[in-house]
Number of protein chains: 2
Amino acid sequence: MSDPLWHPDVAALDLGQVLAALADPQRRRVALELAAGGDAPRLCATFAMPVAKATRTHHFRVLREAGLIRQVDLGNGRTNTLRRADLDQRFPGLLAALLAAEPPAAAGGDDQMPASASEGESTPASVR
Amino acid sequence: MSDPLWHPDVAALDLGQVLAALADPQRRRVALELAAGGDAPRLCATFAMPVAKATRTHHFRVLREAGLIRQVDLGNGRTNTLRRADLDQRFPGLLAALLAAEPPAAAGGDDQMPASASEGESTPASVR
DNA sequence: CCTATGGTACGATAGTTATCGTACCTTGAA
DNA sequence: TTCAAGGTACGATAACTATCGTACCATAGG
């Protein structure tokens, strides 16, 4: 539970934790974009979240510890994959329902989000 | 928005708020029991929540303001009804998925919860 | 080796949430 | 009228969460 990169077992997935993770708009967007992107792995940085790096790390940890995504450390970069099979096994229909209710904005399959230019790093104008 | 008994419009339902409301085990149980109970109205007190009255009121308010239930004040007692039609319209499949993933414990259709006897009123041993 | 990139861990802060006790209100029945 | 039952509102507290800055760590490439 305290390992550097820990993932809950399929059987241990908790619906409350999953829903709590998905309740946040930013995290929900990440999960749904992964779902809409054909379950292809993506680096954290490719999601263009309007928050500081530390906060982004936090959100991805919540997603991982809830069992929504699987992360693989590459030293530099960390790939994120939707745990679709596990989720569909434990909560069939949930992902589909969310995807139907709130399809990721940039539809069309796989948009690579053209970098969005200058990576200012930190100090994103304080959200919330 | 500040009226004593306010309900969000169907079009105003927010998925994030709905998921947040359903993330709590107690609130999720209420919603799912209503769903499994044929959408029949039920008083707050019939749900046997292991918390103080004030806390129960809080949870039902969260459910109502998220648009999950509709409440009608009777002076004494307040009836709670699942807003199934509204939910199915905005988030089709969501309720079904949750119901499938976590069917209410006391299954069998409509259990009236036989009073549970002595209503100690407050001081339920402090949970959490 | 040096630097850039993607990301973590720590420590802090502000806002939100769950919980409670007490006082009070409204309806219905004795 | 008086009382019981179901609930609310207020005010408080403790816990959790989102957010951040700074320091730091791996890998990849020059």
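In what follows, chains are A, B, ... by sequence order, proteins preceding strands, each numbered from 1. What you see is a predicted model; the values in this text were computed from it and never measured.
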Just to confirm, is there a sub-4.0 Å distance from OP1 or OP2 of [N] to any side-chain nitrogen or oxygen of [X]?
{"X": "A:R61", "N": "C:dA9", "result": "yes"}
{"X": "A:T57", "N": "C:dT8", "result": "yes"}
{"X": "B:R78", "N": "C:dT26", "result": "no"}
{"X": "A:Q26", "N": "D:dA18", "result": "no"}
{"X": "A:Q71", "N": "C:dG7", "result": "no"}
{"X": "A:T55", "N": "D:dA18", "result": "no"}

Any B:V30 side-chain heavy atom under 4.5 Å of B:M49 side chain: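 A side-chain contact under 4.5 Å exists here.
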Whole angstroms only, please: what is the [atom1]-[atom2] distance between [X] and [N]?
{"X": "A:H58", "N": "C:dG6", "atom1": "NE2", "atom2": "P", "result": "22 Å"}
{"X": "B:M49", "N": "D:dG7", "atom1": "CE", "atom2": "C1'", "result": "14 Å"}
{"X": "A:L43", "N": "D:dA28", "atom1": "CG", "atom2": "C1'", "result": "13 Å"}
{"X": "A:D73", "N": "D:dA28", "atom1": "CG", "atom2": "P", "result": "11 Å"}
{"X": "A:R56", "N": "D:dT19", "atom1": "CZ", "atom2": "P", "result": "13 Å"}
{"X": "A:F60", "N": "C:dG7", "atom1": "CZ", "atom2": "C1'", "result": "11 Å"}
{"X": "A:F47", "N": "C:dG6", "atom1": "CZ", "atom2": "P", "result": "14 Å"}
{"X": "A:N80", "N": "C:dG6", "atom1": "CG", "atom2": "C1'", "result": "11 Å"}

**Study point:** Which residue lies more 5' along DNA chain C, comparing A:R64 with A:N76 via nearest heavy atoms
**Key:**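 Result of the comparison: A:N76.
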Measure from the side-chain heavy atoms of [X] and tell me the nearest of [options].
{"X": "B:A52", "options": "D:dG6, C:dC20, C:dG7", "value": "C:dC20"}
{"X": "A:V62", "options": "D:dA18, D:dG7, C:dT22", "value": "D:dA18"}
{"X": "A:R27", "options": "D:dA18, D:dC20, C:dT22", "value": "D:dA18"}
{"X": "B:H59", "options": "C:dG7, C:dT19, D:dT8", "value": "C:dT19"}

Q) Between A:R64 and A:H7, is there a donor-acceptor pair closer than 3.5 Å when you use the side chain of the first and the backbone of the second? A) no
* Hey, which of these two, B:G75 or A:A20, hits DNA chain D nearer its 5' end, going by closest nucleotide? ->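 Nearer the 5' end of the strand: B:G75.
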Which residues end up grouped with B:V72 if you chain together Ile, Leu, Val, Met, Phe, Trp and Tyr wherever their side-chain heavy atoms are less than 4.5 Å apart?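 Besides B:V72, the hydrophobic cluster comprises B:L74, listed by chain and residue number.
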Within 45° of the axis and under 6.0 Å from the centre of the six-membered ring of B:F47, does NZ or CZ of B:R29 qualify?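 No, B:R29 and B:F47 do not form such a contact.
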Residue set satisfying salt bridge (charged side-chain N to carboxylate O under 4.0 Å, His left out) with B:R28, at least two apart, ordered chain then number -> B:E102
